[in-house]
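To start, the structure itself, in structure tokens.
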Amino acid sequence: MKKITVSAPGKLMLFGEHAVVYDRPCIVTAVGQRMRATVELTDQPMFQLNAPDVKVLNYQKPMSDLGKGDIPKGAKFVEIAVKNFLTNQSTSEVKKMQLHLGGVRVTTKSEFSSEFGFGSSSASTVCTIFALSKLLGKKLSQKQIFDLSYKTVLDVQGKGSGFDIAAAIFGGTLYFVTGGKVIKPLKINSLPLIIGYSGIKVDTVSLIDEVKEKREKYPFLIENIYDQIQKIVEQAKITILNKDWVSLGELMNVNEGYLSTLGVEGKKLADMIYSAREAGAYGAKLSGAGIGDCMISLAPPSKAKAIKKAITQAGGKVLDVKTNVEGVRVESRV
Ligand code: MEV
């Protein structure tokens with residue numbers, strides 16, 4: 001086999017953002033919009049990448065230069081993923097692989113905009129490592145794929161809990177603790193969520209840094225908030241499994257209160273969240289780093305139309321999103 005196409009889902013954080021960066025749990029669900037990657041083994045010892053969604057066209061360099069020099073932003077995750085996959089193998093394995101491996105050509109295509117905060121970088125990292133393991137006949141467990149992908153994210157951006165990587169690999173809805181210390185699938189079918197996109201692009205790393213500054217200045221306050229968020233997540237886990245949507249909505253609202261205290265709510269998201277609640281949602285909160293990206297609301301079907309209208313009137317765009325979908329998978333191989 002010389003060529004494989006794989007796909008991995010995007011993600012939405014349900015509970016526990018920010019606290020999960022500091023050794024607390026969160027709950028994340030995998031979404032129906034997927035990242036696809038076609039990975040080919042080529043004769044020439046070159047790394048080639050086309051990722052039109054992030055404006056990377058015909059990027060190439062010798063395999064021996066992987067990870068070196070100035071790497072365009074949109075190419076970083078895939079390039080470092082290839083490098084990490086190869087350097088992780090034992091010397092004899094690498095020798096064996098190099099018999100197959102001249103170069104690697106990767107083409108990614110996303111079904112979602114990289115602006116949504118669905119985790120396009122993480123999904124393309126996971127696709128790259130998964131595809132290479134299949135192409136080169138290297139059996140990796142889901143946890144090994146997680147560890148390599150998470151290392152890649154940390155190499156590129158220096159921080160992050162890895163929850164988005166876990167969602168891309170395992171799919172479904174997960175209870176997750178920082179760095180993959182716990183990754184526990186929650187057995188549910190779907191969640192009655194309505195998603196609103198704010199149209200505001202945020203830089204997750206800068207927001208993590210802002211919250212970090214607050215934590216350094218007021219550790220006694222912020223650690224307390226993280227402890228409370230942890231309690232919300234533990235309760236939300238039970239509530240999700242019981243399909244008690246009314247209580248889950250209330251927990252969303254409580255979680256949002258703490259996120260507002262951390263300073264990551266932002267006016268536009270707040271408008272969308274309050275509009276959804278006023279239109280009859282059980283609860284609503286931001287999802288992810290905050291300030292921009294998306295908000296989520298949990299709603300009885302009878303109120304869905306009114307809530308969508310309210311989110312739109314507040315300036316948001318309702319996204320049609322399936323939740324709890326399958327993790328990384330092979331689409332086709334040649
Ligand atoms: C960003 O989507 C969620 C954060 O908790 C960061 C992370 O967990 O990596 C803010």
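Heavy-atom basis, side chains included; hydrogens, waters and symmetry copies ignored. Both counts, for ligands and for their atoms, begin at 1 and track the order of listing.
Using a cut-off of 4.0 Å between Lys/Arg side-chain N and Asp/Glu carboxylate O, Asp147 and Lys143 are scored as salt-bridged.
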Table please: side-chain donor-acceptor pairs of residues 287-313 below 3.5 Å, with sequence neighbours left out.
unit_1, atom_1, unit_2, atom_2, d
Ser287, OG, Met13, N, 3.1
Ser287, OG, Met13, O, 2.7
Ser297, OG, Ile194, O, 3.2
Thr312, OG1, Lys308, O, 2.7

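Residue pairs that meet the ring-ring contact (aromatic ring centres under 6.0 Å, His included) test with at least one member in residues 105-143, sequence neighbours left out, are Phe112-Phe118, Phe116-Phe118, Phe116-Tyr197. Note on residues 22-44: pairs passing ring-ring contact (aromatic ring centres under 6.0 Å, His included), not counting sequence neighbours, are Tyr22-Tyr226.
Using a 3.5 Å distance cut-off with no hydrogens or angles, the side chains of Ser161 and Thr178 do not pair a donor with an acceptor.
Protein residues with a heavy atom closer than 4.0 Å to ligand 1 are Lys11, Glu17, His18, Val20, Val21, Gly160, Ser161, Phe163, Thr204, Ile208, Gly288, Ala289, listed by chain and number.
Open room surrounds NZ on Lys322; 12 or fewer heavy atoms of other groups in view lie less than 6.0 Å from it.
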